[in-house]
Each structure stands twice: as C-alpha cells, then as structure tokens.
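In what follows, a structure is listed as structure tokens, so that the remarks can point back to it.
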Amino acid sequence: MIVFIGLGSNLENPQTHILTAINDISLLESMTFLSQSSLYQSPPMGPQDQPDYINAVIKIDTHLTAHSLLDVLQSLEQKHGRVRKRHWGERTLDLDILLYGNEVISDERLSIPHPGITERAFVLYPLAEIDNDISVPGKGIVSTLKEFCPLDGLKKLEANTL
Ligand code: ROI
C-alpha cells in the first residue's frame with residue numbers, strides 16, 4: 001500500500017527531530033521508503049504562543065495494515081520523547097497517516113484521509129511537492145486543493161540536512 005505520512009515538530013530542535021524520524025522510518029523493515037518533501041517552516045495552527053513548526057511529508061510502501069502502521073508510528077513518537085503539553089499545543093514529534101492508498105478509514109483511532117489535509121498548507125504543499133496528482137479520496141486532486149489553500153506563512157527551507 002502506498003502511504004503518505006506527515007511529520008511535525010516544534011520543540012527541542014524540531015529540524016533534527018524531523019530528519020532523524022525520516023531516517024528511522026527509512027530503516028524500518030516493515031516499510032520501504034520511497035520519497036520525501038523538503039522541510040517547511042510554518043507558524044503554529046492553534047495557540048499562537050508556541051514556536052513555529054517544522055513540517056515534511058514522506059511517501060512509503062508497506063504491507064502493514066493502517067492500524068499496525070499507526071502502532072509503529074506511535075512507538076517512534078514515544079522514542080522521540082513525545083510530549084504533548086495541551087490540545088493543539090507544542091510537541092516534539094507528530095506522525096500522522098495522511099493517506100493510506102485510496103482507503104477511507106474512520107474509527108476511534110484513525111481518520112483517513114487525515115481530516116486536516118484540505119485546510120493545512122503545511123500538509124498540502126509538501127504533498128504536492130512529492131506529486132501534484134495525488135488524489136485525496138472524497139476531496140479531489142492535491143494540485144486543485146492547493147489552489148484553495150493560502151500559504152499561511154509556510155516557507156520551504158533550503159537546507160534539509162543535519
Ligand atoms: N501547526 C503547524 N504549523 N504545523 C503542525 O504540524 C501542527 N500540528 C498540530 C497543530 C497543533 C494543530 N498545529 C500545527 O498538531
């Protein structure tokens with residue numbers, strides 16, 4: 001299954017958290033790393049009294065079910081000492097399953113496609129950088145969705161290495 005994962009961090013050197021998380025994921029035997037977007041910086045969505053976020057999106061291939069993949073990603077978040085201080089507040093590492101093939105999944109643990117995709121520039125622009133033609137089930141094509149989504153201060157970072 002082709003899967004797109006969104007990464008976000010705004011605590012304790014966020015760029016390092018994102019880059020090491022991408023590296024960790026690329027080393028997992030349960031998935032094949034296919035490609036990644038650039039790193040992006042964006043003002044916080046939610047409470048404004050928190051640092052800017054670093055965001056990126058990666059594309060993988062995996063035989064894991066969406067729920068097994070979520071387990072793997074959540075243990076990686078824990079490994080990065082995930083702290084979540086408040087609702088919509090700062091976090092060391094956030095890993096979201098954005099798209100799981102063309103499947104629509106809705107239960108207590110998962111909402112796929114991720115409900116924020118269409119409104120969040122920090123998800124949509126990195127997705128479009130990987131592939132403009134990605135289809136979001138029930139929503140449309142990424143390049144079209146992007147036209148209706150203002151940048152909201154999103155900036156592509158030039159240096160993407162540690
Ligand atoms: N805001 C930005 N810019 N980037 C994120 O990854 C992000 N993640 C979140 C909330 C708190 C909604 N705000 C965010 O979970």
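Note that ligands are numbered from 1 as they come in the structure, with each ligand's atoms numbered from 1 the same way. Keep in mind that what you see is a predicted model, and the values were worked out from it rather than measured.
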Heavy-atom pair with the smallest gap, counting every atom of Ser135 and Ile141: CB-CD1, 3.8 Å

Ser42 heavy atom under 4.0 Å from ligand 1: yes

Side-chain touch Ile117/Leu99, heavy atoms, less than 4.5 angstrom: yes

Nearest protein heavy atom with distance in Å, relative to atom 4 (N) of ligand 1: Asn55 OD1, 3.0 Å

Qualifying salt bridge (Lys or Arg N to Asp or Glu O under 4.0 Å) pairs with a residue from residues 93-114, counting only residues at least two apart or across chains: Asp71-Arg109, Arg82-Asp94, Arg91-Asp94

N or O contact, Arg120 vs ligand 1, cut-off under 3.5 Å: no

Straight-line distance of Leu93 CG to Leu76 CG, nearest 0.5 Å: 6.5 Å

Subset of ligand 1 atoms that lie under 4.0 Å from at least one heavy atom of Asp94: 15 (O)

Contact atoms of ligand 1, heavy-atom distance to Arg91 under 4.0 Å: 15 (O)

Sub-4.0 Å heavy-atom contact, Pro43 with ligand 1: yes

Nearest-neighbour protein heavy atom for atom 8 (N) of ligand 1, which is reported as residue plus atom name and distance: Tyr53 CE2, 3.8 Å

Over all atoms of both residues, closest heavy-atom pair of Ile130 and Ser35: CG2-OG, 3.6 Å

N or O contact, Met45 vs ligand 1, cut-off under 3.5 Å: yes

Asn10 and its side chain to side chain contact (heavy atoms under 4.5 Å, CB included) partner, picked from Gln50, Gln41, His17: Gln50

